[in-house]
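Right, one structure below, let's go through it.
Nothing fancy with the numbering, it's 1 onward along the sequence. Values in this document were obtained by computation on a predicted structure and should not be read as measured data.
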Amino acid sequence: MKNQINQNTIRKRTKDNGAAIVLVLLFTAIYIASRNVENAYYDFGVTGIAYMNSQYYRFITCLFLHASPRHLLGNCAALLCAGSLLTPFTGSKKPLFLFLSCGVLSEIAYSLVISEQIYDIGASSGVFALIACLIVCTLRFPDQFRFKWYRPDVVIVAVYFVFANSSVTAFLVHTFGFAAGILISFVMVQTGQFEHT
């Protein structure tokens, strides 16, 4: 009986977190494919607006590229864990919308602020937006979003939040993603997009 309950829980979590799982598979496939493309971030990453040559598709493509296995693994783990905490309450479409919209807004802000030809790639701006959403929902719906601090997904998200800022570029993009996540999540809560279930 207990085994059956565990299988049902795993199935439900997998279904709820389907968008994050698809993104992780996509990130992994793109990482493997981009290993054969020399300096893919020069062609698809975001840099200062003066160096973009009107290639605005980069604001989206950069979110799907990763520089190393560690970079990929960190972003994938944090995305899956943030998704597992959010999507049982919000469904998978709203976190996916937040990930993509806040990720793009963050990269636009980065390109406007950075004056050098320093490239940014990775899903972390969108992941930081999901963490921001999680904080907004926790404050707004404390009974619904009450998690034990030692849950593995909570620990992974907390560790990621603290240690993901490995450079000034990363810190900038993460800050922009987090700020966009706070703002859009707050608007979504106020307009009833996230409701206490």
Side-chain angles (χ1 to χ4, degrees), residues 9 12-24 26-27 46 49 56-64 75-114 120 122-165 170-197:
T9 303
K12 184 172 181 343
R13 282 202 176 185
T14 302
K15 184 181 172 205
D16 286 340
N17 209 12
I21 292 168
V22 169
L23 282 174
V24 164
L26 198 56
F27 295 159
V46 169
I49 197 77
Y56 303 121
Y57 61 84
R58 291 169 177 261
F59 295 132
I60 295 173
T61 57
C62 70
L63 298 174
F64 295 88
N75 282 343
C76 287
L79 176 62
L80 287 171
C81 291
S84 79
L85 294 168
L86 270 176
T87 54
F89 309 103
T90 63
S92 62
K93 291 181 183 173
K94 290 170 186 169
L96 178 62
F97 165 76
L98 273 167
F99 171 82
L100 292 172
S101 61
C102 294
V104 168
L105 285 173
S106 171
E107 298 300 340
I108 291 171
Y110 172 79
S111 73
L112 293 173
V113 167
I114 200 80
D120 180 63
S124 54
S125 56
V127 174
F128 268 78
L130 292 182
I131 294 171
C133 178
L134 191 58
I135 291 170
V136 168
C137 289
T138 301
L139 294 173
R140 178 64 181 86
F141 308 119
D143 294 335
Q144 184 177 353
F145 287 86
R146 183 175 289 154
F147 305 116
K148 304 274 192 242
W149 68 267
Y150 52 81
R151 267 181 61 166
D153 45 7
V154 174
V155 171
I156 288 171
V157 167
V159 167
Y160 178 85
F161 184 78
V162 172
F163 293 105
N165 296 306
F171 179 76
L172 263 179
V173 173
H174 297 167
T175 301
F176 291 140
F178 189 80
I182 291 283
L183 182 64
I184 292 177
S185 298
F186 180 76
V187 170
M188 290 177 83
V189 165
Q190 292 302 105
T191 57
Q193 299 297 311
F194 297 135
E195 295 179 359
H196 195 292
T197 56

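- Among residues two or more places apart in sequence or in another chain, the side chain to side chain contact (heavy atoms under 4.5 Å, CB included) test is passed with Phe147 by Leu85, Phe89, Leu134, Phe145, Arg151, Val154.
- Considering only residues two or more places apart in sequence or on other chains, Tyr150 meets the side chain to side chain contact (heavy atoms under 4.5 Å, CB included) condition with Lys148.
- The CZ atom of Phe178 sits 10.5 Å away from atom SG of Cys133, with the distance rounded to the nearest 0.5 Å.
- Phe27 is linked by a ring-ring contact (aromatic ring centres under 6.0 Å, His included) to Phe64, His66, counting only residues two or more places apart in sequence or in another chain.
- Scored by the ring-ring contact (aromatic ring centres under 6.0 Å, His included) test, Tyr160 finds Phe128 as partners (sequence neighbours excluded).
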*Please lay out, stage by stage, how Ser92 and Asn17 fare under the test side-chain contact (heavy atoms from CB on, under 4.5 Å).*
CA-CA 6 Å; Ser92 62; Asn17 209 12; over 6 Å; no
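- Nearest heavy-atom pair, Gly83 versus Pro88, reported as atom, atom and distance to 0.1 Å: O-CD, 3.9 Å.
- Pairs engaging residues 171-183 under the side-chain hydrogen bond (donor to acceptor under 3.5 Å, both in side chains) rule: Ser124-His174, Asn165-His174 [sequence neighbours left out].
- Listed by chain and residue number, Ala77, Cys81 satisfy the side chain to side chain contact (heavy atoms under 4.5 Å, CB included) test with Ile156 (two or more places apart in sequence, or in another chain).
- Nearest heavy-atom pair, Leu130 versus Pro95, reported as atom, atom and distance to 0.1 Å: CD2-O, 3.4 Å.
- In this structure, Leu139 and Ile135 have side chains that are in contact, with non-hydrogen atoms separated by less than 4.5 Å.
- Here the closest non-hydrogen pair linking Ser84 and Asp153 is OG-OD2, 2.8 Å.
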*Do Leu112 and Ile108 pass the side-chain contact (heavy atoms from CB on, under 4.5 Å) test, and can you show the C-alpha distance, the side-chain angles, and the key distance before you say yes or no?*
CA-CA 6 Å; Leu112 293 173; Ile108 291 171; 4.1 Å; yes
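- The CG atom of Leu96 sits 9.5 Å away from atom CG of Leu79, with the distance rounded to the nearest 0.5 Å.
- Under the 4.5 Å side-chain criterion, counting only non-hydrogen atoms from C-beta, Tyr56 is not in contact with Val46.
- Residue Cys137 comes nearest to Leu86 through the heavy atom pair SG-CD2, 4.5 Å, listed as atom of the first residue, atom of the second, then distance.
- With hydrogens and angles disregarded, no donor-acceptor distance shorter than 3.5 Å links the side chain of Asn75 to the backbone of Gly122.
- Listed by chain and number, the residues in a side chain to side chain contact (heavy atoms under 4.5 Å, CB included) with Ile184 are Phe97, Leu98, Ser101, Cys102, Leu105, Met188 (sequence neighbours excluded).
- In this structure, Ser106 contributes its side chain and Val173 its backbone to a donor-acceptor pair below 3.5 Å.
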